[in-house]
Amino acid sequence: MSDFSKQLDGLSERLSQPQNIVIVPHKDPDGDAIGSCLAWCRVLNAAGHKSTVVLPDAAPASLLWMEGSASMLVFAEDAEGATARIAEATLLLYLDFNTLSRTGKLAAVLQERTLPVVLIDHHPFPDTSLAEILFSEVKVSSTCELSYGLMKALGFVPDKAAAECLYTGIMTDTGMLNHNSAHPAIYKTVAELLELGVDKDKVHREVFHSSSASRMRLIGHALCNKMHLLFGGKVAYIALSDEELQAFDYRAGDTEGLVNMPLSIEGVEIAALMTEKEGGQIKMSFRSKGKLAVNAFSEQYFSGGGHRNAAGGEFWGTLADAEVRFKESMSVYLQDVKP
Ligand code: 5GP
Ligand code: MN
């Protein structure tokens, strides 16, 4: 029996009894994280389980149109309520991350658990000690794509609302089928989700075409005034201070997609975005083309990780110090990867 079949049998067995399930994604949740959580929540509840999504921190407004989003608990806003909900669970479902540190401050609560854990994720290098039942597949585009295959294998048919959540995760994690989308199976999944009733135009309007004017101005400011090209145009980076973000009335999700934009410049192979958060934390986002592995770079220099071509990390200090560290470490990295 393949490992996949074994894991599937394990999950099927667990779900043969009604479970009280808490579903958790990574912090700073994106479309794949929220989409997979809400899709599973809906499908599991329809199958007679009681499930609730507990987020480490709030979701971007552009994802709150999704069915079920109003019932999500946010640990950063209601630690007591979220902790109480976890305490009554019989099963934890971790989605779109594979190391506990990705859940931020919620990790301390989850660490205490003695509950069985199911993990579904598409990032490389999973912490296999994290879950009893583990579906870790890096070849798929997204946790949503992987989840749809699993739902089908378990005999669950997502309804229109759940299918729209899954479709959203596939579209956001692939940049609307721009990257991580060369495998034919993804188009079969998309076709099946459309057959399940996904209102594609609505999803695209909600997710990609509902920006505020200030968000568009922030993107314009970042590209026009803050984008620096380094190393002969091979590397581009943008650093945005808290003051700048506030000046453009920043809301969670407003910089989504910005880090990808410099990669559209001919010759740019690595792009970085640094955003200043509260308490001296700088969030680092990296993207690359081809073989350059930004997950390895982020892991080595910014305590992060992710995929080869899309990774994130963090830096503690000033934004100016983060820029210096980025330039110095990138110089070393480019020397190291020289053919
Ligand atoms: P983003 O730049 O969009 O926040 O993240 C890009 C990718 O890197 C995503 O797959 C995300 O899950 C992963 N990622 C982002 N930040 C971190 C981090 O601090 N640690 C790890 N291990 N992965 C991260
Ligand atoms: Mn994902």
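Bear in mind that the values here come from a model prediction, so they are computed numbers and not experimental data. Counting convention: from 1, in listed order, for ligands and their atoms alike.
Of all atoms in ligand 1, numbered sequentially from 1 with element shown, those under 4.0 Å from a heavy atom of Ser285 are 1 (P), 2 (O), 4 (O). Using a 4.0 Å cut-off to heavy atoms of Gly313, the atoms of ligand 1 that qualify are 16 (N), 19 (O). Shown in contact with Gly306 at under 4.0 Å from a heavy atom are these atoms of ligand 1, numbered in order with element: 8 (O), 13 (C), 23 (N). Atom numbering of ligand 1 starts at 1 in the shown order; those under 4.0 Å from a heavy atom of His307 are 10 (O). Each of the following atoms of ligand 1 lies closer than 4.0 Å to a heavy atom of Gly305: 8 (O), 13 (C), 14 (N), 20 (N), 21 (C), 22 (N), 23 (N), 24 (C).
Among all non-hydrogen protein atoms, the one lying nearest atom 4 (O) of ligand 1 is Lys283 NZ, 2.8 Å. The shortest contact between atom 17 (C) of ligand 1 and any protein heavy atom is with Arg102 NH1, 3.3 Å. Here the protein heavy atom with the shortest distance to atom 9 (C) of ligand 1 is His123 NE2, 3.8 Å. Atom 7 (C) of ligand 1 has Ala310 O, 3.4 Å as its closest protein atom, hydrogens excluded (heavy atom only). Of the protein's heavy atoms, Gly312 CA, 3.4 Å lies nearest to atom 15 (C) of ligand 1.
Distances shorter than 4.0 angstrom occur between a heavy atom of Arg287 and an atom of ligand 1.
Nearest N, O or S atom of Asp32 to the Mn ion (ligand 2): atom OD2. Of all N/O/S atoms in His122, NE2 sits nearest the Mn ion (ligand 2). Take the N/O/S atoms of Asp173: the one nearest the Mn ion (ligand 2) is OD2. For Asp96, the N, O or S atom closest to the Mn ion (ligand 2) goes by the atom name OD1.
When every heavy atom of Lys160 is checked against every heavy atom of Gly197, the shortest pair comes out as CE-O, 3.2 Å. Nearest heavy-atom pair across Phe75 and Pro56 is CB-O, 3.6 Å.
Using a cutoff of 4.0 Å between basic side-chain nitrogens and carboxylate oxygens, Glu244 and Lys226 are scored as salt-bridged. In this structure, Lys202 pairs ionically with Glu164, as a charged nitrogen and a carboxylate oxygen lie closer than 4.0 Å.
For the atom pair CG of Leu334 and CZ of Phe297, the computed distance is 8.0 Å after rounding to the nearest 0.5 Å. Distance check: Thr255 OG1 to Lys283 NZ gives 8.0 Å after rounding to the nearest 0.5 Å.
In this structure, Trp65 and Thr168 have side chains that are in contact, with non-hydrogen atoms separated by less than 4.5 Å.
In this structure, Arg325 satisfies the cation-pi test against Phe302, with its NZ or CZ atom closer than 6.0 Å to the six-membered ring centre and inside 45 degrees of the ring normal.
Exactly one residue among Val24, Asp30, Leu119 makes a side-chain contact (heavy atoms from CB on, under 4.5 Å) with Asp96. That residue is Asp30.
Here Glu314 has no heavy atoms under 4.0 Å from ligand 1, in either its backbone or its side chain.
Between His307 and His122, the ring planes lie tilted relative to each other; the angle falls in the 30° to 60° range.
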